[in-house]
Amino acid sequence: MPRIVYVAFGDADRQFAKSLVPNGFELVEVKAGSAELRDAMPEAEYLVGLGDRSMDDAFYARAKKLKLVQLLSAGYDRCDIEAARRAAVPICNNGGANSVAVAEHTLMLMLAVCRRLIWQHQNVSGGRWRGNNWQDKHIYELEGKMLGIIGLGTIGKKVARLAQAFDMNVIYFDVQRLNEAQEDAVGARFRLFDEVLQQSDIVSLHVPLLPSTRHFISTRELRLMQKHAYLVNTCRGPVIDEPALIAALSDGTIAGAGLDVFDTEPPPADNQLFGMENVVLTAHLAGPTWENRAKRYRNAFDNVLRVHRGQPPNWVIPELQPT
């Protein structure tokens with residue numbers, strides 16, 4: 001039987017994998033970076049799991065039958081893309097399986113920072129019904145605000161559509177610009193990168209982590225933003241220069257931030273973001289929901305079946321797509 005090597009990462013996900021594995025395929029469960037993974041690869045035709053930094057040239061040299069690396073995540077920054085290219089093995093992400101979850105989480109962070117949700121919760125739970133000097137707090141509505149989306153891929157488009165429910169105005173920057181009909185469909189209008197930063201009340205980041213996007217939001221970019229603006233990040237932590245962000249949040253360069261991701265994960269206990277009242281933080285949990293676990297495995301095994309039938313895989317990462 002054709003072998004699918006599955007890198008497991010939790011009992012619940014294991015149940016979904018076993019229930020959806022295609023008939024006639026052998027599913028071999030291993031741990032990331034383990035000896036079992038290494039030993040399973042010579043007979044593996046498909047690998048399903050998360051990106052693993054141990055998947056280098058030596059890894060692919062052992063996996064001579066490998067036809068597909070199918071990720072369960074949207075991000076692929078843990079993958080050795082050049083090693084995969086040299087081995088001529090496509091890497092595919094999860095086909096937008098978590099896009100609804102991340103888009104909803106993005107709107108949740110926008111609401112949480114604009115309505116000072118954590119501050120309100122702490123006041124009530126601490127016995128202060130309205131808190132102290134609530135009149136001096138800036139609490140904002142989303143209606144009529146300018147939302148700037150940087151990276152209008154699958155998730156960015158969903159965020160743009162959800163924003164319409166709040167009557168927000170949406171502008172975006174992406175290296176792959178949409179045509180006018182596509183912009184009409186998502187309710188967004190193109191602006192240059194600096195324009196998005198300068199004109200937006202909320203800037204939301206939805207880009208992959210690449211050499212070109214690492215710390216691409218730093219001191220200069222934060223100073224372009226308006227003082228009342230908020231920054232939301234649900235993609236990858238290192239796209240923001242974290243010390244620069246901490247400085248901007250401390251000196252009033254921007255009003256606040258909603259962050260699901262950090263430069264280092266897990267962040268150290270002394271991370272200065274933890275003590276700031278103008279941030280809302282979550283633990284890289286925008287993507288995982290009960291609903292999208294099945295979607296991820298359904299997409300993964302569908303792609304396995306496509307390749308097994310001799311068809312090209314879906315969702316090949318941009319760097320490995322044929323030119």
Side-chain angles (χ1 to χ4, degrees), residues 1-95 97-98 208-210 236 238 264-266 284-285 287-288 292-322:
M1 291 190 294
R3 173 178 290 186
I4 302 172
V5 173
Y6 164 53
V7 182
F9 56 97
D11 289 339
D13 282 80
R14 186 178 294 113
Q15 295 173 18
F16 281 104
K18 290 182 177 179
S19 67
L20 292 172
V21 63
N23 184 42
F25 285 75
E26 176 191 16
L27 187 70
V28 178
E29 181 183 323
V30 298
K31 293 182 179 180
S34 66
E36 290 84 1
L37 172 60
R38 182 187 65 242
D39 294 342
M41 291 314 298
E43 296 302 318
E45 295 184 44
Y46 310 97
L47 178 66
V48 173
L50 300 177
D52 187 336
R53 291 184 176 89
S54 70
M55 293 164 55
D56 54 11
D57 287 306
F59 172 89
Y60 287 103
R62 288 191 299 271
K64 296 189 181 298
K65 296 183 179 181
L66 190 62
K67 301 175 182 177
L68 173 70
V69 172
Q70 176 62 56
L71 303 179
L72 296 170
S73 61
Y76 51 89
D77 48 284
R78 296 177 182 174
C79 298
D80 188 333
I81 296 172
E82 294 308 314
R85 189 193 310 279
R86 288 187 286 269
V89 176
I91 297 175
C92 303
N93 67 10
N94 71 0
N98 66 353
L209 179 58
L210 305 169
R236 286 295 184 267
T264 299
E265 295 184 354
H284 204 148
L285 290 175
N292 71 37
R293 283 173 168 171
K295 294 179 188 177
R296 291 189 294 174
Y297 288 99
R298 188 176 299 117
N299 286 353
F301 291 139
D302 177 58
N303 232 12
V304 166
L305 288 168
R306 285 181 61 85
V307 174
H308 189 65
R309 292 192 297 262
Q311 297 174 287
N314 288 324
W315 315 304
V316 177
I317 63 174
E319 292 83 350
L320 295 180
Q321 289 180 2

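Both backbone and side-chain heavy atoms feed into the values below; hydrogens, waters and symmetry mates do not. Every value quoted in this text rests on a predicted model; they were computed, and no experiment measured them.
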Taking all non-hydrogen atoms of both residues into account, name the closest pair between [X] and [Y] and its distance.
{"X": "P318", "Y": "Y76", "result": "CD-OH, 3.6 Å"}
{"X": "E26", "Y": "V28", "result": "OE2-CG2, 3.6 Å"}
{"X": "N299", "Y": "G95", "result": "ND2-O, 3.7 Å"}
{"X": "L320", "Y": "A84", "result": "CD1-CB, 4.1 Å"}
{"X": "N93", "Y": "A74", "result": "ND2-O, 3.3 Å"}
{"X": "G287", "Y": "N98", "result": "O-CB, 3.8 Å"}

Supply the atom-to-atom distance [X] [atom1] to [Y] [atom2], rounded to the nearest 0.5 angstrom.
{"X": "R14", "Y": "E29", "atom1": "CZ", "atom2": "CD", "result": "4.0 Å"}
{"X": "Y297", "Y": "N94", "atom1": "OH", "atom2": "CG", "result": "11.0 Å"}
{"X": "D80", "Y": "F59", "atom1": "CG", "atom2": "CZ", "result": "11.0 Å"}
{"X": "R236", "Y": "L210", "atom1": "CZ", "atom2": "CG", "result": "11.0 Å"}
{"X": "F16", "Y": "D13", "atom1": "CZ", "atom2": "CG", "result": "7.5 Å"}

Side chains of [X] and [Y]: closer than 4.5 Å at any heavy-atom pair?
{"X": "F25", "Y": "M1", "value": "no"}
{"X": "L50", "Y": "D52", "value": "no"}
{"X": "Q321", "Y": "V316", "value": "yes"}
{"X": "R293", "Y": "Q15", "value": "no"}

Under 3.5 Å, which donor-acceptor pairs do the side chains of residues 40-47 form with other protein atoms, sequence neighbours left out?
unit_1: E43; atom_1: OE1; unit_2: K65; atom_2: NZ; d: 2.6
unit_1: E45; atom_1: OE1; unit_2: K67; atom_2: NZ; d: 3.1
unit_1: Y46; atom_1: OH; unit_2: H308; atom_2: ND1; d: 3.3

Exercise for review: Can you establish whether the number of heavy atoms outside R78 located under 6.0 Å from its atom CZ is more than 12?
Suggested key: no

**Study point:** Test applied, side-chain contact (heavy atoms from CB on, under 4.5 Å); reference residue, V48; option that passes from L72, L27, L71, V7
**Key:** L72

Practice item. Using the test side chain to side chain contact (heavy atoms under 4.5 Å, CB included), find all partners of N303 that sit at least two apart in sequence or belong to another chain. Key: L68, Q70, C92, R306, P313, N314, W315

Check your understanding: Where the side chain of R85 meets the backbone of E319, is there a donor-acceptor pair that is under 3.5 Å apart?
Key -> yes

